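These notes concern the structure reproduced below.
Not measured: the values here are computed from a predicted model. For the single chain, residues carry numbers from 1 onward in sequence order.
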Amino acid sequence: MKTKIVTFVYFGIFDFPFYGHRVQARWDRYKNSLVQLSEMGLPIICYCGNNIYPELKKYLELNNVNNVDLRIRELDDFRHSKSMINIKENHPEKFKFYLEVGWAKIALMEEEMEDDLDYLYWVDVGLSHIGLFPHRFNSNGDKSAGTSSNKYRYTYDGIFNTDTFKKINNWVGDKLINLTNTQFFHDATTLNNTLDKKHKYKSLTVGGIIGGHVSKLPNFFKSFEEYSQVCLEKEYLLNHEAMMSTIAYDNPDDYKTFVFDTWYHDDTPDKHITKEFLSNKKSFYRFFEEI
């Protein structure tokens, strides 16, 4: 089964209009996690801005990564980005978030469709990191202490390896993946009001892994574009995860769904995250454990 992954890395996009992360730890996470994702052995198309291309290219070469096709594309060149920036200009206090980044995920996936593909996925570039997975999934876990520049904080080879998408494809079958969180990070009332829905959501989709069998993707792309147009016409910019939640709710037969309750896990370095706290909650990492 031919499977392809799409992702991107953007850094240095602080302030208006994108309001991206400023901290160095994010850059460390993105580049080191990408190296680990490459260990899955699949072709990865990775877009980035011209400002970080030389450094990222050099880092991939330094780590002998040869299955990542690095391509330059600026954020304001993606579909709808300019319209979204105009809306931000019209509502300067309302949308101080990198919403263009989320919408661009779907635009890039659609661009990367190929006739001979069986599965196409978006995978967030920074997904392999210490905040999401217990130490036992990292063969270098004993070396992972220290600052964000320590590459062993990202080497979750028990999660991201050559079997990962064989297992995911087998689980997904002829459907799309829907990883969905019972903790609401988006306002469901605003989501319903904007898209003229009356849905009673029990959980909301997350955007870390998007896609699946290519037979179901055209309808997903069509729906996302329709809802994007509604947002642009109303000058209200919804997060891509919120819109994906509505699409999954509208088309349940197109999706294989995994519901989780928390990002926290057994080794979360927080005294409040105890065994008792986790006892009645399903952590995000359990998806990989179950498949």
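Counting side-chain heavy-atom gaps under 4.5 Å among Ile, Leu, Val, Met, Phe, Trp and Tyr, Tyr154 is found in no cluster with other residues. Cluster note: Tyr152 groups with no other residue, as no ILVMFWY side-chain heavy atom lies under 4.5 Å from it. Hydrophobic clustering, defined by side-chain heavy atoms of Ile, Leu, Val, Met, Phe, Trp and Tyr closer than 4.5 Å, leaves Val23 isolated from every other such residue.
Judged purely by atom type and a 3.5 angstrom limit, Asp118 uses its side chain to pair as donor or acceptor with the backbone of Lys2. Counting only distance, with no hydrogens or angles, the side chain of Asn181 and the backbone of Leu204 share no donor-acceptor pair below 3.5 Å. Panel note: side chain Arg153, backbone Gly131; no donor-acceptor pair is recorded below 3.5 Å. Judged purely by atom type and a 3.5 angstrom limit, Thr7 has no side-chain atom pairing as donor or acceptor with the backbone of Cys46. For Lys88 (side chain) and Phe97 (main-chain N/O), a donor-acceptor pair under 3.5 Å exists by modelled atom type. Judged purely by atom type and a 3.5 angstrom limit, Thr164 uses its side chain to pair as donor or acceptor with the backbone of Ile159. The backbone N or O of His135 sits less than 3.5 Å from a side-chain atom of Asp267, completing a donor-acceptor pair. When atom types are taken as modelled, the side chain of Glu100 and the backbone of Phe18 share no donor-acceptor pair closer than 3.5 angstrom. With hydrogens and angles ignored, the 3.5 Å screen pairs no side-chain donor or acceptor of Tyr53 with any backbone N or O of Tyr47. Remark: the backbone N or O of Ile130 is paired with a side-chain donor or acceptor of His265 at under 3.5 angstrom.
Taking the side chain as every heavy atom from C-beta outward, Leu232 and Leu237 approach each other to under 4.5 Å. Using a 4.5 Å cut-off on side-chain heavy atoms (C-beta onward), Leu60 and Lys57 make no contact. Counting heavy atoms from C-beta outward, Gln229 and Glu226 have side chains that stay 4.5 Å or more apart.
Glu74 is linked by a salt bridge (Lys or Arg N to Asp or Glu O under 4.0 Å) to nothing, counting only residues two or more places apart in sequence or in another chain. Shown here are the ring pair (Phe, Tyr, Trp, His ring centres under 6.0 Å) partners of Phe221, two or more places apart in sequence or in another chain: there are none. In this view, Tyr249 and His199, Tyr201 satisfy the ring pair (Phe, Tyr, Trp, His ring centres under 6.0 Å) rule, not counting sequence neighbours. By the salt bridge (Lys or Arg N to Asp or Glu O under 4.0 Å) test, Lys82 is found to be paired with Asp77, residues two or more places apart in sequence or in another chain being considered. Partners of Asp115 according to the salt bridge (Lys or Arg N to Asp or Glu O under 4.0 Å) rule, which considers only residues two or more places apart in sequence or in another chain, do not exist here. Scored by the ring pair (Phe, Tyr, Trp, His ring centres under 6.0 Å) test, Tyr19 finds no partners at all (sequence neighbours excluded). Judged as a side chain to side chain contact (heavy atoms under 4.5 Å, CB included), and not counting sequence neighbours, the contacts of Lys216 are Asp174, Leu176, Asp254. Residues satisfying the side-chain hydrogen bond (donor to acceptor under 3.5 Å, both in side chains) criterion with Asn239, sequence neighbours excluded, are absent altogether.
Residue Ile210 holds its CD1 atom at 5.5 Å from CZ of Phe220, rounded to the nearest 0.5 Å. To the nearest 0.5 angstrom, Ser283 atom OG is 11.0 Å from Phe133 atom CZ. Distance check: Phe260 CZ to Lys281 NZ gives 14.0 Å after rounding to the nearest 0.5 Å. Separating the OG atom in Ser149 from the NZ atom in Lys31 is a distance of 8.0 Å, to the nearest 0.5 Å. Here Glu112 contributes atom CD and Ile5 contributes atom CD1; the two are 12.5 Å apart, rounded to the nearest 0.5 Å. The structure places CG of Asp157 at 6.5 Å from CG of Asn140, a figure rounded to the nearest 0.5 Å.
Using a 30° and 60° split on the angle between ring planes, Phe224 and Trp103 fall in the perpendicular class, above 60°.
A salt bridge between Arg73 and Glu111 is present, with a side-chain N of the basic residue lying under 4.0 Å from a carboxylate O of the acidic one. Using a 4.0 Å cut-off between charged side-chain N and carboxylate O, Lys197 and Asp250 make a salt bridge. Contact check on Glu289 versus Arg286 returns a salt bridge, with a Lys/Arg side-chain nitrogen under 4.0 Å from an Asp/Glu carboxylate oxygen.
Minimum heavy-atom separation, Leu217 to Met109: CD2-CE, 4.1 Å. Between Asn32 and Lys151 the shortest heavy-atom distance is OD1-CB, 3.4 Å. Closest of all the heavy-atom pairs between Ser38 and Asn67 is O-ND2, 3.0 Å. Across Ser228 and Met243, no two heavy atoms sit closer than the pair N-SD, 4.0 Å. Across all their heavy atoms, Asn150 and Ser144 have their closest contact at ND2-C, 3.5 Å. Nearest heavy atoms, Met244 versus Ile106: SD-CD1, 4.3 Å.
A donor and an acceptor atom, one from each side chain of Asp76 and Ser81, are nowhere located under 3.5 Å apart. Checked by atom type, the side-chain pair His80/Glu225 shows a donor-acceptor distance below 3.5 Å. Judged by distance alone, the side chains of Asp261 and Thr182 do bring a donor and an acceptor atom under 3.5 Å apart.
In terms of hydrophobic clustering, with Ile, Leu, Val, Met, Phe, Trp and Tyr side chains grouped at heavy-atom distances under 4.5 Å, Ile273 and Phe137 are assigned to different clusters. In this structure, Val101 is not a member of the same hydrophobic cluster as Val9, with clusters built from ILVMFWY side-chain heavy atoms closer than 4.5 Å. Linking ILVMFWY residues whenever their side-chain heavy atoms come closer than 4.5 Å, directly or via other members, places Phe184 and Tyr236 in the same cluster. Cluster membership check: Leu99 shares its hydrophobic cluster with Ile85, using side-chain heavy-atom separations under 4.5 Å among Ile, Leu, Val, Met, Phe, Trp and Tyr. Cluster annotation: Ile168 and Ile44 are assigned to the same hydrophobic cluster (Ile/Leu/Val/Met/Phe/Trp/Tyr, side-chain heavy-atom contacts under 4.5 Å, transitive).
Within 6.0 Å of NZ in Lys234 there are more than 12 heavy atoms belonging to other residues, nucleotides or ligands. Atom OH of Tyr264 is surrounded by 12 or fewer heavy atoms from other residues, nucleotides or ligands within 6.0 Å. Surrounding NZ of Lys175 are more than 12 heavy atoms belonging to other residues, nucleotides or ligands, all under 6.0 Å away.
Here Tyr156 and Tyr285 keep their ring centres 6.0 angstrom or further from each other. In this structure, the ring of Tyr30 has its center no less than 6.0 angstrom from the ring center of Tyr10. A ring-centre distance under 6.0 Å is found for Trp171 and Phe287. For Phe95 and Tyr98, the ring centers sit 6.0 Å or farther from each other.
Each of Lys167, Lys256, Lys282 was scored for a salt bridge (Lys or Arg N to Asp or Glu O under 4.0 Å) with Glu290, with one residue passing: Lys282.
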Indicate every side-chain donor-acceptor pair of residues 120-127 with a distance under 3.5 Å to a residue at least two apart or in another chain.
residue : atom : partner : partner atom : Å
Tyr121  : OH   : Asn169  : OD1          : 2.7
Trp122  : NE1  : Asp124  : OD1          : 2.7
Asp124  : OD1  : Lys105  : NZ           : 2.9

Test salt bridge (charged side-chain N to carboxylate O under 4.0 Å, His left out) applied to Asp116 and Lys4, step by step:
CA-CA 11 Å; Asp116 62 341; Lys4 183 169 72 171; over 6 Å; no
